[in-house]
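A short write-up of the structure that comes next.
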Number of protein chains: 2
Amino acid sequence: MSQTVDRALSILPLLAEGPADLGQVADRLGVHKSTALRLLRTLHGHGLVYRQADQRYRLGARLFALAQEAMENLDIREIAHPHLVRLNESCGHTVHLAVYEEHEVLYIDKVESRYPVRMYSRIGKPVAITVAAVAKLLLADLSDTERRALAEQLDYPLYTARSTPNAAAFLRELDKVREQGWATDLGGHEESINCVAAPIRGADGRVAAAMSVSAPNVVVTADELLTLLPQVRRTADAISGEYSGRTPVKETPA
Amino acid sequence: MSQTVDRALSILPLLAEGPADLGQVADRLGVHKSTALRLLRTLHGHGLVYRQADQRYRLGARLFALAQEAMENLDIREIAHPHLVRLNESCGHTVHLAVYEEHEVLYIDKVESRYPVRMYSRIGKPVAITVAAVAKLLLADLSDTERRALAEQLDYPLYTARSTPNAAAFLRELDKVREQGWATDLGGHEESINCVAAPIRGADGRVAAAMSVSAPNVVVTADELLTLLPQVRRTADAISGEYSGRTPVKETPA
DNA sequence: ACGGTCGTTGCAGATAGCGCAACGCACCAG
DNA sequence: CTGGTGCGTTGCGCTATCTGCAACGACCGT
């Protein structure tokens, strides 16, 4: 791998923590200031870092544009979105769409009806992989060896008393999820939040994405939320059909 | 500037257009395949590029995470957001927050009340710089020389009959905006959409951001929208006060 | 079975990046 | 006013690092 590029890219997560000046960047990279300067200049030239008035560097605007374009190229989001909206309109709860990528699970879409909450709040942020219902579905579909390897190298933070405690428990849960074709997270991430999730499959039958409905205890009990399962599964299946090309996109008029 | 890094970063916008295979990347970079491979591998190692099932490359997940973190470091967004929400609740229209950076104006926040529209729709995407009300405010605050230089090198696309047609007209408009301390876009970008905008200033009095309220003709006429101007300016001033540290963040209880 | 395409690897040569040291500048204290 | 310190910046010589080549292997369609 390319040393220079490697160093340059290491600057990005570093700046993500907050603005930094040349010296700090050079130190944390373990290179001479002049080297750091050249790297920063190159990043700057591509708009990935921005030099603010006090001469310190921070992440730049092009990053948004790139992330945005990357989003738009995820055709599954395109297809799924109207379905998610419809489900949200019918049940009123938060609806998420997530994919697995490179040992991470991340939300790529979200519909939230009630509040004009910060919209981008969670989109793009890695999901609590050991407990989230969508994560279980996505990981359950990996091959045996991949699943095992991944389960071993994960951390199992105890968000709540009901969080998945270790690799063994996680693998058991994945087997169960794989078996039944849907998943839940009942207070495993936030004590008062429950989710039901269903898989979205591509033409090859593999799980391409997962969607979930989440609601806090105070609005509906876990049991009540579970009654939505058939609806969630139907929505997921509809998306699967469209995504895999089985269902024509246009509805046939009566 | 660093050639290697330069080449590597050039891959990102290229992939933003859509997935590409090794050969395509190498061709468009004008380098040998083996070189492109090494660069892609390095990008991949940092999660900026993802290799999909068909071996083609596309932009990766880390990009979202980075863009997201970059967002969160924009403290002006943090401060402004509740004000934007409040304004939105009171008038019901779409509210935008934008900043100027590196010859571009981009939205960094947006509150839209009516529909559960695709939330990230426009955030992060460059704004139509020659016509948008927020863009006029942000550019009007640049120094004379900067303004002139920028105005010259811009394109002036005629989105509608009322779009700013050329550099001279644009500079006149900027002078006017600078003078009056607020700006409008009356059908200059989309025939049926009008905006009113006001500047947000930092401690040094310079314009740090701009906010606007937008609404389509069919909902309110341009004249009606203009009656909101005082409210928009008050909101912007409130944000300015808080951002520049003049106003204590906590309200003093009566 | 065979040619074509595509991704991958090892290598030798030379380019391009590296760290050093010195400079300019702003700020501060005496 | 002057000497000192802490920045970012520059030019340069050395060599580590990247490059392009050529050959390999996998896959696919004919």
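Residue numbers begin at 1 in each chain, while the letters A, B, ... track the order of the sequences.
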Set of residues satisfying salt bridge (charged side-chain N to carboxylate O under 4.0 Å, His left out) with respect to A/Asp141, sequence neighbours excluded: A/Arg206

message: We want to know whether B/Ser2 and B/Thr4 form a side-chain donor-acceptor pair, criterion being a heavy-atom distance below 3.5 angstrom.
response: no

query: Taking CG from A/Leu40 and C1' from D/dC7, how many angstroms apart are they, rounded to a whole number?
result: 15 Å

- request: In whole angstrom, give the distance that lies between atom CD of A/Gln55 and atom P of D/dG6.
  value: 17 Å

task: Please check if any side-chain donor atom of B/Arg51 sits under 3.5 Å from a side-chain acceptor atom of B/Tyr57, or the reverse.
output: yes

Can you tabulate the close N/O pairs, meaning under 3.5 Å, that link protein atoms to atoms of nucleotides 24-27 of chain D?
none

field: A/His81 and A/Asp109: side chain donor to acceptor below 3.5 Å
entry: yes

- prompt: What is the distance, rounded to the nearest whole Å, between atom CG of B/Asp6 and atom P of D/dT19?
  reply: 11 Å

- request: Using whole Å, report how far CZ of B/Arg51 lies from P of C/dG7.
  value: 7 Å

Residue list, salt bridge (charged side-chain N to carboxylate O under 4.0 Å, His left out) with A/Arg56, at least two apart or on another chain: A/Asp54

task: Sugar-phosphate means primed atoms, P, OP1 and OP2; the rest is base. With that split, encode nucleotides 17-28 of chain C 5' to 3' as B, S or - using protein heavy atoms under 4.0 Å.
output: SBBBB-------

- prompt: Can you name the ring pair (Phe, Tyr, Trp, His ring centres under 6.0 Å) partners of B/Phe170, sequence neighbours left out?
  reply: B/Tyr156

- prompt: With sugar-phosphate meaning primed atoms plus P, OP1 and OP2, does A/Arg56 contact a base, only sugar-phosphate, or nothing at under 4.0 Å between heavy atoms?
  reply: nothing

message: From CD of B/Gln24 over to C1' of C/dG7, roughly how many Å is that when rounded to an integer?
response: 13 Å

- prompt: With sequence neighbours left out, what residues match B/His46 under ring pair (Phe, Tyr, Trp, His ring centres under 6.0 Å)?
  reply: none

task: Give me the one residue out of A/Met211, A/His83, A/Glu242 that meets side-chain contact (heavy atoms from CB on, under 4.5 Å) with A/Ile200.
output: A/Met211

